[in-house]
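Note sheet for the following structure.
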Protein chains: 2
Amino acid sequence: MKAATRKKLEKKGWKVGSAAELLGLTPEEACYIEMKLALSRALREQRQKHRLTQVQTAKQLKSSQSRVAKMEAGDSSVSIDLLVRSLLALGASPKAVAKSIQSA
Amino acid sequence: MKAATRKKLEKKGWKVGSAAELLGLTPEEACYIEMKLALSRALREQRQKHRLTQVQTAKQLKSSQSRVAKMEAGDSSVSIDLLVRSLLALGASPKAVAKSIQSA
DNA sequence: ATGGTATATGTCGGATATGACATACCGTCA
DNA sequence: TGACGGTATGTCATATCCGACATATACCAT
């Protein structure tokens with residue numbers, strides 16, 4: 001993992017191990033996080049493709065602007081569940097969702 | 001949706017609409033549920049491929065037998081999150097996960 | 001500067017998911 | 001039949017997630 005990525009993750013609340021257990025992420029954990037980040041990016045792209053603001057998107061998702069922001073930021077408080085449901089609600093195809101995940 | 005599928009879903013606690021709103025699932029909701037079911041099947045296949053019991057799998061996942069059963073049953077109390085994390089923990093590749101999702 | 005719009009971050013109460021336990025339901029074998 | 005290994009179902013306390021709100025930051029106009 002690149003140092004920059006690592007720092008970013010730590011800031012967001014991910015338990016990326018301390019110095020002692022540097023790189024303490026198991027491959028599965030890393031993979032899971034990357035999936036989430038991939039879905040985050042897909043969500044932002046989907047929103048921007050339709051020229052929507054986060055506020056508009058939030059309304060469409062029956063959620064709030066702050067949660068949309070967190071989703072796009074890959075915040076540790078958002079689940080894959082929410083990301084997938086949101087993508088689908090914004091009109092992304094299952095195929096597109098799969099593609100995002102696969103690229104992780 | 002086939003009637004059998006519907007009955008199965010209702011039993012598991014899915015809010016598959018009442019008679020008045022028959023087929024009241026939006027395409028996204030239906031799609032989301034199908035993804036979960038696809039992942040459930042993948043999980044069972046992954047487990048069986050390695051000739052593991054649910055108890056053994058539970059230990060590997062640091063969970064319980066009952067939760068593994070619910071995961072494989074597509075119970076409404078299990079999230080896509082858990083399914084994905086479990087599949088990865090059992091050694092499934094991101095590619096395989098994506099494939100399951102895509103087929104939904 | 002001041003206002004306006006878009007996005008980001010922090011926090012919190014209520015909602016949902018999770019692991020664990022108990023228990024029920026199979027098959028199969030002695 | 002009864003015992004046993006495996007799976008399913010029901011429930012519960014706790015942990016985690018979610019929507020919402022407040023507030024902060026950033027950029028662009030006037």
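Scope of the values below: all heavy atoms of this structure, side chains included, with no hydrogens, waters or symmetry mates. Being a predicted model, the structure only gives us computed values, none of them experimental.
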Minimum heavy-atom distance B/Gln46-B/Leu87, with the two atoms named: CB-CD2, 4.2 Å
Separation between OG of B/Ser64 and NZ of B/Lys59, rounded to the nearest 0.5 Å: 13.5 Å
Rounded distance (Å) that lies between atom P of C/dT18 and atom NZ of B/Lys36: 8 Å
Separation between CG of B/Asp75 and NZ of B/Lys36, rounded to the nearest 0.5 Å: 8.0 Å
Short side-chain N/O contact from A/Arg85 to OP1 or OP2 of C/dT16, under 4.0 Å: no
Interatomic distance, A/Asp75 CG vs D/dG19 C1' [rounded to whole Å]: 14 Å
Interface residues of residues 55-71 of chain A with DNA chain C (non-hydrogen, below 4.0 angstrom): A/Gln65, A/Ser66, A/Ala69, A/Lys70
Interatomic distance, B/Gln54 CD vs C/dG27 P [rounded to whole Å]: 15 Å
Euclidean distance, atom CG of residue B/Asp81 to atom P of D/dT16 [Å, nearest integer]: 13 Å
Atom-pair distance (CZ on B/Arg51; C1' on D/dG5), nearest Å: 17 Å
Short side-chain N/O contact from B/Ser77 to OP1 or OP2 of C/dT18, under 4.0 Å: no
Interatomic distance, B/Leu39 CG vs C/dA17 P [rounded to whole Å]: 15 Å
Atom pair OG1 (A/Thr57) and CD (A/Gln54), whose distance is rounded to the nearest 0.5 Å: 7.5 Å
Rounded interatomic separation in angstrom, taking CD1 from B/Ile80 and P from C/dT16: 17 Å
Gap between atom CD of B/Gln102 and atom CD of A/Gln102 - 0.5 Å precision: 7.5 Å
Candidate nucleotides C/dA6, D/dT7, C/dA8, ranked by approach to the side chain of B/Arg47 - the nearest: D/dT7
Inter-residue atom distance B/Arg47.CZ - B/Ser86.OG, 0.5 Å rounding: 12.5 Å
Interatomic distance, A/Met35 atom CE to B/Leu88 atom CG [nearest 0.5 angstrom]: 4.5 Å
Atom-pair distance (CG on B/Leu52; P on D/dG5), nearest Å: 17 Å
